[in-house]
Trainee: 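Before I ask anything, here is the structure I am working with.
The analysis underlying the following values was restricted to heavy atoms, covering all of them including side chains, and did not include hydrogens, waters or symmetry mates. Letters go in sequence order (proteins before strands), and every chain restarts at 1. Remember, predicted model here, so these are calculated numbers, not experimental data.
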Number of protein chains: 2
Amino acid sequence: MNGNKLPTIKEIAKRLNVSVSTVSRALHDHPGIGLRTKTRVQELARELDYQPNQAAISFKQSKTYTIGVVLPNLKEEFFSEAINGIEEIATGHKYNVLISQSRDDIQREKQIISTMINNRVDGIIASLGANTTSYEHFTTLKKYGIPVVFFDRVPSLPDFNKVYANMNTGTREAIEFLIEKGHRRIGVLNGPEKMRSTHERIETYKQVLIKKRLKIDLGLVTSTDLTREGTHQAMQQLLSQRPRPTAILVINDYIALDAMQYARKQKLKIGKDICFVSYANLPITSYLETPPMASVEQYPFQQGAKAAEILMELIDTPAKEKAQAPETFQNVVINGTLVIHTKR
Amino acid sequence: MNGNKLPTIKEIAKRLNVSVSTVSRALHDHPGIGLRTKTRVQELARELDYQPNQAAISFKQSKTYTIGVVLPNLKEEFFSEAINGIEEIATGHKYNVLISQSRDDIQREKQIISTMINNRVDGIIASLGANTTSYEHFTTLKKYGIPVVFFDRVPSLPDFNKVYANMNTGTREAIEFLIEKGHRRIGVLNGPEKMRSTHERIETYKQVLIKKRLKIDLGLVTSTDLTREGTHQAMQQLLSQRPRPTAILVINDYIALDAMQYARKQKLKIGKDICFVSYANLPITSYLETPPMASVEQYPFQQGAKAAEILMELIDTPAKEKAQAPETFQNVVINGTLVIHTKR
DNA sequence: TAAGACTGCGCAACCGTTTGCGTTCTCAAT
DNA sequence: ATTGAGAACGCAAACGGTTGCGCAGTCTTA
């Protein structure tokens with residue numbers, strides 16, 4: 001049907017009897033090109049609906065104007081919101097965003113990194129899978145000169161750029177809130193050992209209890225592998241404690257949903273027999289008749305945006321880094337804050 | 001720190017004293033290369049951790065092994081689940097997936113298509129923004145030989161490839177279910193006029209009512225622009241009808257959440273004073289104390305996967321199409337089926 | 001032993017764009 | 001008229017990989 005030949009710079013050059021270099025420069029408003037030719041070129045380009053071949057440019061400049069994003073999944077609103085933040089910054093810098101889900105599977109995660117290397121992305125933003133404890137696939141990236149910024153689920157090693165929410169402030173506020181509301185037996189439904197946040201959360205939990213002169217009962221501290229079954233098991237353990245906890249601090253809103261579901265099945269009235277406070281403050285909880293009492297906002301959009309900003313800076317820092325100090329890593333901590341949903 | 005020079009085919013050739021073409025062929029297991037050289041090349045490649053430069057390959061072959069996905073947003077589980085289906089198929093075919101959100105903004109949608117053209121994606125999968133009624137930005141793609149497959153929110157024109165859920169079967173089942181449960185005043189909270197599904201839904205609604213010899217009251221049919229405010233307004237209208245509807249059919253689960261929220265504010269008991277049935281059957285509703293009575297499953301994963309399969313076929317059909325009949329378009333319809341959540 | 005067939009590899013063009021450097025032209029100043 | 005300085009543009013290489021074709025060398029066969 002159509003000639004199927006996309007217009008190229010060459011084509012324009014031929015039609016106008018000028019060289020390809022002139023066309024290229026004219027299209028870039030290069031000062032060395034006269035006004036007459038410049039407009040002639042630009043007009044013809046518009047007329048032919050010329051679109052520069054990004055693949056060729058990427059090739060020539062060895063720069064793809066693409067950043068990769070690796071995260072566990074897109075289903076959680078936390079992550080899709082983080083992507084919004086990333087997109088916002090990236091498209092503002094004329095970068096494309098290549099998204100891939102690791103589904104908490106380290107093999108997939110490695111695979112994804114590998115294809116991103118092949119595609120020569122200019123940088124990577126990552127949030128670790130729940131079971132990722134080794135980071136070789138990320139350290140490999142240094143060899144290729146591909147900068148990485150982690151967010152939310154960040155590695156526990158110091159030599160990476162990270163953006164994450166501080167568990168301390170939010171957790172402190174959450175527990176103090178619960179104590180203020182009269183709760184004395186506060187359970188914790190934590191995440192996998194491997195996740196950094198898990199330790200921070202428990203540390204702060206202990207600190208606050210000690211400060212408030214409350215007894216610490218480790219039977220009230222459980223963890224889930226993030227699956228629904230795991231969460232139900234953990235809940236079973238928590239609810240079997242005597243006296244039963246009157247409030248539970250849950251690693252995130254999604255898990256809180258599972259936990260609340262379990263509690264309901266046990267004929268417990270949520271908000272009355274047992275209260276929940278969790279992390280993330282996702283919009284979906286606002287639709288619940290009995291949402292968690294409060295939730296620690298983690299600012300996913302801001303985390304994503306900040307990570308993207310840092311990455312953009314890193315990308316725009318070429319050979320200068322060598323002159324720089326050996327290497328410096330950014331470590332941005334966002335303070336989570338408690339958002340209260342219901343009074344009691 | 002590092003030489004920062006990525007290993008190339010040239011590098012390997014030089015070290016082994018063979019030509020680049022030999023290296024290239026050896027890496028591709030070309031029969032014209034002897035076993036000795038083949039293994040020598042492959043071993044050195046592994047040793048140097050050689051990764052082919054995808055940008056160069058894309059350029060040479062004018063094929064990027066990337067497909068673009070345009071959809072309204074990632075937040076809705078429907079779409080993120082659809083992406084899972086797309087990813088599944090695409091990665092199986094060694095394709096990358098470039099995702100962008102239009103946010104129901106046609107300007108953004110056009111912009112996205114434009115950058116995808118620049119990036120020379122091999123094909124596009126799209127779900128239309130709520131306000132998109134003109135499709136020039138998609139027809140432009142034909143000029144570039146980029147195939148497009150729509151899913152879920154598809155254009156109403158015939159000359160496009162589409163995958164979508166049939167509203168008829170699911171709607172019929174839903175209404176019959178409600179009638180069976182004794183409901184006689186059934187309201188409809190529909191979507192924007194511009195969406196194809198809106199008309200299908202209302203047509204089936206009327207058909208079933210007529211067949212069951214129930215009176216059709218157009219005051220019971222409203223529509224929302226998908227915003228929370230729009231939904232609340234529509235609900236206000238529905239609830240002001242006399243006699244008040246006892247059940248409402250809602251365009252999708254998210255809107256149903258907004259609608260139920262409004263109903264609760266009006267002191268109505270959900271599942272007692274008023275019942276809801278909606279579309280999509282999203283996991284989140286299973287966490288509600290009072291979920292919709294039933295929901296029409298739309299199979300987002302399958303929709304995404306099917307769309308991707310069609311696209312893969314289209315991509316692998318190059319010049320053959322010319323010999324083919326003028327042009328043929330696939331039109332896959334998936335039957336939605338009712339999933340019942342609560343008995344009454 | 002010479003012809004033919006086959007094996008194994010190299011040459012070089014090509015994809016579209018960018019860019020350092022050189023060349024030509026214009027025009028003002030001498 | 002000669003010179004010199006800019007202005008305006010062209011030449012050609014380079015980016016990394018693929019591929020049609022050609023050319024040696026080896027082996028088989030009559």
Trainee: From CD1 of B/Ile9 over to P of D/dT19, roughly how many Å is that when rounded to an integer?
Mentor: 11 Å
Trainee: Looking at B/Asp152 and B/Arg196, is any side-chain nitrogen of the basic one under 4.0 Å from a carboxylate oxygen of the acidic one?
Mentor: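 The answer is no: the pair does not qualify as a salt bridge.
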Trainee: Out of C/dG16, C/dT18, C/dG10, which nucleotide sits closest to the side chain of A/Ala56?
Mentor: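 Between C/dG16, C/dT18, C/dG10, the one nearest the side chain of A/Ala56 would be C/dG16.
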Trainee: Please give, in whole Å, the distance from D/dG10 C1' to A/Lys10 NZ?
Mentor: 16 Å
Trainee: Between B/Leu35 and A/Pro52, who's closer to the 5' end of DNA chain C by nearest nucleotide?
Mentor: B/Leu35
Trainee: Please report, rounded to the nearest Å, how far the C1' atom of D/dG16 is from the CD atom of B/Gln54.
Mentor: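 My rounded result for the distance is 12 Å.
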Trainee: At 4.0 Å (heavy atoms only), tell me whether A/Gly34 reaches a base, stays on the sugar-phosphate, or touches nothing.
Mentor: sugar-phosphate
Trainee: Please determine, for the side chain of A/Val20, which listed nucleotide (D/dA12, C/dG16, D/dT18) has the closest atom?
Mentor: D/dA12
Trainee: Does a side-chain N or O from A/Tyr50 land closer than 4.0 Å to OP1 or OP2 of C/dT17, or not?
Mentor: yes
Trainee: Looking at A/Lys38, does any N or O in its side chain come under 4.0 Å of the phosphate oxygens OP1/OP2 on D/dC9?
Mentor: no
Trainee: Can you measure A/Asn118 atom CG to D/dG16 atom C1' for me and round it to whole angstrom units?
Mentor: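 So the CG-C1' distance, A/Asn118 to D/dG16, works out to 13 Å.
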Trainee: Hey, does the side chain of A/Lys75 reach the backbone of B/Glu76 with a donor-acceptor pair shorter than 3.5 angstrom?
Mentor: no
Trainee: How close or far is atom C1' of C/dG16 from atom CD1 of A/Ile57, stated in whole angstroms?
Mentor: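 Taking CD1 of A/Ile57 and C1' of C/dG16, I get 8 Å after rounding.
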Trainee: Classify the angle between the aromatic ring planes of A/Phe150 and A/Phe138 as parallel (below 30°), tilted (30 to 60°) or perpendicular (above 60°).
Mentor: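 It falls in the perpendicular class, over 60°.
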Trainee: Taking for each residue the nucleotide of DNA chain D bearing the nearest heavy atom, is the 5' side occupied by A/Ser21 or by A/Pro31?
Mentor: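 Looking at DNA chain D, the more 5' nearest nucleotide goes with A/Pro31.
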Trainee: Among C/dT17, D/dG17, C/dG10, which nucleotide sits nearest the side chain of A/Asn53?
Mentor: C/dT17
Trainee: Looking only at side-chain N and O atoms, does B/Ser19 come under 4.0 Å of OP1 or OP2 in C/dC11?
Mentor: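 For B/Ser19, the contact criterion (side-chain N or O under 4.0 Å from OP1 or OP2 of C/dC11) is not met.
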Trainee: I'd like to know if A/Asp105 pairs up with A/Lys110 as an ion pair, taking the criterion as any Lys NZ or Arg NE/NH1/NH2 lying under 4.0 Å from an Asp or Glu carboxylate oxygen.
Mentor: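 Salt bridge: no.
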Trainee: Round to the nearest Å and state the distance from A/His28 atom NE2 to C/dT19 atom C1'.
Mentor: 11 Å
Trainee: Could you tell me whether the side chain of B/Arg25 has a donor or acceptor atom within less than 3.5 Å of a complementary atom in the base of C/dG10?
Mentor: yes
Trainee: Tell me: CG of A/Leu6 to C1' of C/dT17, nearest whole Å?
Mentor: 15 Å
Trainee: A/His30 NE2 to C/dC21 C1': how many Å, rounded?
Mentor: 12 Å
Trainee: To the nearest 0.5 angstrom, please state how far the CZ atom of A/Phe79 sits from the CD1 atom of A/Ile86.
Mentor: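 The distance works out to 10.0 Å.
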Trainee: Checking contacts here: which listed nucleotide (C/dA12, C/dT17, D/dC9) is nearest the side-chain heavy atoms of A/Thr37?
Mentor: D/dC9
Trainee: With a 3.5 Å cut-off and heavy atoms only, can you find an N or O donor on one side and an acceptor on the other between the side chain of A/Lys60 and the base of C/dT18?
Mentor: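 Counting by modelled atom types and ignoring angles, a donor-acceptor contact under 3.5 Å is found here.
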Trainee: Between B/Tyr135 and B/Phe160, how do the two ring planes meet: parallel, tilted or perpendicular, split at 30° and 60°?
Mentor: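 It falls in the perpendicular class, over 60°.
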Trainee: Does C/dT17 have A/Phe59 stacked on its base, where the ring centres are within less than 5.5 Å and the planes differ by under 30°?
Mentor: no
Trainee: Give one of base, sugar-phosphate or nothing for A/Val18, where a contact means two heavy atoms less than 4.0 Å apart.
Mentor: sugar-phosphate
